[in-house]
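The structure appears right after this line, and notes come after that.
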Amino acid sequence: MDLLDTLTAKGLRGEVPTREEALAVLATTDDELLDVVAAAGKVRRRWFGRRVKLNYLVNLKSGLCPEDCSYCSQRLGSKAEILKYTWLKPEQAADAARAGVAGGAKRVCLVASGRGPTDRDIDRVTDTMAAIKDADPEVEICVCLGLLSDNQAERLKAAGADAYNHNLNTSENTYGTITKTHTYADRVDTVQKAHGAGLSACSGLIAGMGETDEDLVDVVFALRELGSDSVPVNFLIPFEGTPLAKEWNLTPQRCLRILAMVRFVNPDTEVRIAGGREVHLRSMQPLGLHIANSIFLGDYLTSEGQAGQADLDMIKDAGFEVEGAGEATLPRHRADVAEAAAAAGSCGSAASACGSGGGCGPCGGHSHGAPEAAPATEGTDDGPREDLVKVRRRGAGTELAPNA
Ligand code: SF4
């Protein structure tokens, strides 16, 4: 296929495709799927070899959120029967983190539900990071606490955080239908605050919420333009008790096409298969490793993943290897850009097609002359797979050992 030859050549050079090319990846057929995976795999191996970075989630505070994100089991009014608890003590969080690191995780992701942290919350997380780094100074820590106020990112950076996660989730155009209690611009602002404070920006998306191909391409280009160093690709887990409980829109093939599109637009950026991997990719998970270079080990915030050992076995069986603590994740040129951007206090787009002529204003909306949005065309054949959605009942916030 000319399309795949073009995308491979661009990816090997670290170039970003056009929006039309990205849309065309999503429109490929099942007959073309292995060719798409192989093309994305060449780009993945060019920049990341066969390494797989393992990340480990610790949910510091679960449920009871005042925000109304439709996809989230922790949202205001959620009837999902998830674990609900307030802040873990630093030692409890450090115990959970230790289990993840012992299982092979290089990065620990400290997450708390809520609109955003108070200054007291920043203190709590500071203590938690100290407890984790006391036990293992090498571990990378990514913090995810919602919308940041002024100076909070700087405080987290000074306390030892390496990265901050705040996902854009979907396109600017669609955002208002997913969440009413904050805006897309709020989210962009927090990613910029984190990046400006010198934290590595981790920001990604959720697929399967009823969005169009155009929406997916919009958000992926926006993430590239924001200079996200790590792009988690979540596949919606339609929790019973949330507004999106009936949105079973994904097939394994669709998920692989989405991952490939994200890889082509972010050839030299960490692409992570995040929540929903087991539910939606199912037995096709190993093919996802040929595209993405990063996954979560074990369980997610409110749902259970496959056993941590199964993750490790899958990586080995597919011919990949777990990335070690001493190995750099990003290619050198990307790491240099990220460091320079942090030093300059800017959002540091590596290959910005934003065309804003300077500054870091929110970009990535519908200003790129893209074709008309088309409705998502596939993916409903499989029907709901509620049997695969397992609410987390172990690890942080319970008496049971974590899955790692
Ligand atoms: S995604 Fe975060 S802010 Fe939104 S409802 Fe869930 S916990 Fe709250």
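First listed ligand is number 1; within each ligand, the first listed atom is number 1.
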*Result of checking Val43, Leu12, Thr18, Val25 against Leu7 for side-chain contact (heavy atoms from CB on, under 4.5 Å)*: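 Exactly one candidate clears the test, Val25.
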
_For atom 2 (Fe) of ligand 1, what is the closest protein heavy atom, and at what distance to 0.1 Å?_
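The closest heavy atom on the protein side is Gly114 O, 4.4 Å.
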
Decide, yes or no, whether a salt bridge links [X] with [Y] under the criterion of side-chain N to carboxylate O below 4.0 Å.
| X | Y | value |
| --- | --- | --- |
| Asp127 | Arg124 | no |
| Asp150 | Arg155 | no |
| Glu323 | Arg51 | yes |

*asked:* Measuring from atom CD of Gln74 to atom CG of Leu83, what distance do you get when rounded to the nearest 0.5 angstrom?
replied: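 That separation rounds to 9.5 Å.
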
*Between Ser73 and Thr302, do the side chains contain an N or O donor and an N or O acceptor separated by less than 3.5 Å?*
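Yes, because at least one side-chain N or O of Ser73 sits under 3.5 Å from a partner of the opposite role on Thr302.
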
*Output, by chain and residue number, all protein N/O/S atoms separated from atom 6 (Fe) of ligand 1 by less than 2.8 Å.*
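Near atom 6 (Fe) of ligand 1, the protein supplies Cys72 SG.
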
